[in-house]
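What follows is a single structure, written as structure tokens, with notes after it.
Note that ligands are numbered from 1 as they come in the structure, with each ligand's atoms numbered from 1 the same way.
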Amino acid sequence: MFKNLSALSLTLFIAFALVVPAANAMKLKEYHQEIMTGDDGKVECAACHGDAKRKTIPEVSACEACHGTSDDVAELTKRPADAGHSVEPNPHDSLHYGTELACSYCHQEHKESKVYCNQCHEFEYPDMKR
Ligand code: HEC
Ligand code: HEC
Ligand code: HEC
Ligand code: HEC
């Protein structure tokens, strides 16, 4: 009996250990949590992933549905014309890529965001919510 019980709790422990990280992996950013949660308390994956059964990295158009076009987003983070080198460049309208970079190159949803530019640069972007 005792043997069975400990086998049971071991099984439960393993199941728990496997299930919990899988659930955490689909955690949302704080800034999206509320708006992406439906009345049933479930996260609306479709808001970003569409209806496809197999989830892939969301298209820019999914983000644009709420945030406006890439140009609109670039306008939000426009730097003063006379800022010069004292200010880090607009991440949404850069020298190399203009406004063409996919949002998900920097903004991650289920893990920490990164700055694509920092493969080559060392920008800090202190205002970015990671
Ligand atoms: C259903 C609408 C909706 C969709 C789809 C959506 N967002 Fe949002 N997002 C919001 C709202 C609302 C906020 C909180 C208010 C705000 O800061 O604009 C927000 C906040 C953010 C912020 C934080 C803004 C800040 O203040 O720093 C980022 C970054 C962001 N979203 C990026 C994205 C990206 C990237 C995608 C696509 C993968 C996306 N969002 C899809 C509605 C949406
Ligand atoms: C090259 C990296 C990068 C890409 C690509 C990128 N962002 Fe950002 N985003 C940032 C950084 C860095 C900030 C912090 C704002 C700043 O430094 O002015 C930011 C801030 C934001 C904000 C908050 C703006 C504000 O101040 O109100 C929103 C919303 C946002 N991004 C959405 C998007 C969406 C939507 C896309 C795709 C169309 C996108 N971002 C593409 C790096 C990026
Ligand atoms: C606010 C937008 C947003 C919502 C809502 C969202 N995701 Fe995501 N998802 C992303 C982004 C952006 C990525 C790209 C990688 C990352 O950011 O972690 C991604 C990546 C994924 C991936 C990996 C895809 C690949 O090909 O690498 C899976 C699986 C996934 N999401 C599942 C889900 C599930 C399940 C839900 C609902 C519980 C959900 N997502 C809700 C934005 C979202
Ligand atoms: C693959 C490497 C690489 C990536 C990724 C990259 N850059 Fe650059 N960047 C460079 C190199 C190399 C230079 C210097 C040569 C030149 O001016 O074209 C440069 C120059 C610049 C300059 C001009 C520097 C100055 O002092 O005037 C700016 C601004 C800039 N990058 C912004 C960005 C931003 C913003 C991103 C992300 C959206 C980014 N870069 C991504 C390699 C990169």
Before moving on, can you tell me the angle at atom 8 (Fe) of ligand 4 between the NE2 atom of H96 and the NE2 atom of H121, to the nearest 10 degrees? 180°
Quick one: look up the protein heavy atom nearest atom 26 (O) of ligand 1 and list residue, atom name and how far away it is. K129 NZ, 3.0 Å
Where the closest heavy atom to atom 40 (N) of ligand 3 is concerned, which of H49, K55, K114, E109 has it? H49
Top protein contact for atom 38 (C) of ligand 1, by heavy-atom distance: C63 SG, 2.8 Å
Just jot down the ligand 3 atoms closer than 4.0 angstrom to any heavy atom of C48, in number order. 1 (C), 2 (C), 3 (C), 4 (C), 5 (C), 42 (C), 43 (C)
At a 4.0 Å cut-off, with the gap strictly under it, does some heavy atom of A47 reach an atom of ligand 3? no
For atom 16 (C) of ligand 1, which protein heavy atom lies nearest, and how many Å away is it? H67 CE1, 4.8 Å
What atoms in ligand 1 come closer than 4.0 Å to a heavy atom of A62? 5 (C)
Has E88 got any heavy atom lying under 4.0 angstrom from an atom of ligand 4? no
For atom 3 (C) of ligand 1, closest protein heavy-atom neighbour: C66 SG, 2.7 Å
Is the number of heavy atoms from other residues, nucleotides or ligands under 6.0 Å of Y125 OH greater than 12? yes
With heavy-atom distances below 4.0 Å as the criterion, list the atoms of ligand 1 near I35. 12 (C)
among protein heavy atoms, the one nearest atom 13 (C) of ligand 1 is Y31 O, 3.9 Å
Could you name the option among S104, A46, C103, C45 that has the heavy atom nearest to atom 37 (C) of ligand 3? C45
